[in-house]
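Residue indices begin at 1 and follow the sequence shown.
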Amino acid sequence: APTSAFRLAVLAECGAASFLDPPANTIIPMIGTAPLSNVYSFRVFPATGGAPTSRILIAVERVIDLKVKFDAGQPGGVNLQVCNMSLGAPTLFAGRDLFDTSVDVMIAKNIVPAIAAGNAGPRGGVRRGRAS
C-alpha cells in the first residue's frame, strides 16, 4: 500500500529507483531462491493461536484438492508442490492418525510436506541413569 511502513522505509533508504512503477512506487522486485514460485497462504490458526485438528485437516484437504484440480486441468487448480506447516501436538498413534494419513495423500499427489513439529517428547542422545 502507498502508506505502508515497508514501502516508506524502502523509499527513504533506497530511493524511487527500487520500485517498478513510478510514481506510485508500490511494486518492489525481489528475487529469492525460487524467483518464479508463488506462495499461497491458508489461515488455519486464529490470532489467539491453537486450532482443532479438524481445521488443520480441512486446510490439508484444500491443498490436495487444488493440486488434484490442477493435475486434471480443471479451473481453479493450482500446481502446489510444497506444503509448509508448523504444528505442535501430541500423537498417540504415530503414522496411523488422520493427520498422518492426509500427509501420505499429499505425498502421493507429489506435494512435498515440510513440517516443523513441536518440541515436546523425548530427546535423542540423552543418557539417563547415574553418572559414573
task = Decide whether Leu20 and Val10 are clustered together by the hydrophobic rule: side chain heavy atoms of Ile, Leu, Val, Met, Phe, Trp, Tyr closer than 4.5 Å, transitively.
result = no
message = Please find the pair of heavy atoms, one from Pro29 and one from Ser18, that lie closest to each other, and give the distance.
response = CD-O, 3.3 Å
Test side-chain contact (heavy atoms from CB on, under 4.5 Å) applied to Tyr40 and Val63, step by step = CA-CA 10 Å; Tyr40 293 85; Val63 168; over 6 Å; no
inquiry  = Quick check for you: to the nearest 0.5 Å, what is the distance between Lys109 atom NZ and Leu66 atom CG?
reply    = 13.5 Å
query = Can you tell me how far the CZ atom of Arg62 sits from the CD1 atom of Ile58, to the nearest 0.5 Å?
reply = 12.0 Å
request  = Give a yes or no on whether Val103 and Val82 share a hydrophobic cluster (residues Ile, Leu, Val, Met, Phe, Trp, Tyr; joining criterion: side-chain heavy atoms under 4.5 Å apart).
outcome  = no
inquiry  = Would you compute the distance between atom CG of Asp21 and atom CD1 of Ile28 and round it to the nearest 0.5 angstrom?
reply    = 9.0 Å
task = Decide whether Phe45 and Phe42 are clustered together by the hydrophobic rule: side chain heavy atoms of Ile, Leu, Val, Met, Phe, Trp, Tyr closer than 4.5 Å, transitively.
result = yes
Distance, nearest 0.5 Å, that separates CG of Asp71 from NZ of Lys67 = 4.5 Å
key: Atom of Arg55, atom of Pro46 and distance for their closest heavy-atom approach   = NH1-CD, 3.5 Å
Single-linkage hydrophobic cluster Val105~Leu57, side-chain heavy atoms < 4.5 angstrom = yes
inquiry  = Test of understanding: clusters of I, L, V, M, F, W, Y form through side-chain heavy atoms closer than 4.5 Å, transitively. Do Val78 and Met106 belong to the same one?
reply    = yes
inquiry  = What's the separation between atom OG in Ser102 and atom CD1 in Ile107, rounded to the nearest 0.5 Å?
reply    = 10.0 Å
ask   = Would you call Val44 and Met85 a side-chain contact if the rule is heavy atoms closer than 4.5 Å?
value = no
inquiry  = Is it the case that the side chain of Arg7 and the backbone of Asn25 share a donor-acceptor pair, with hydrogens and angles ignored and the cut-off at 3.5 Å?
reply    = yes
inquiry  = Please report the interatomic distance CG(Leu98) to OG1(Thr53), rounded to the nearest 0.5 Å.
reply    = 8.5 Å
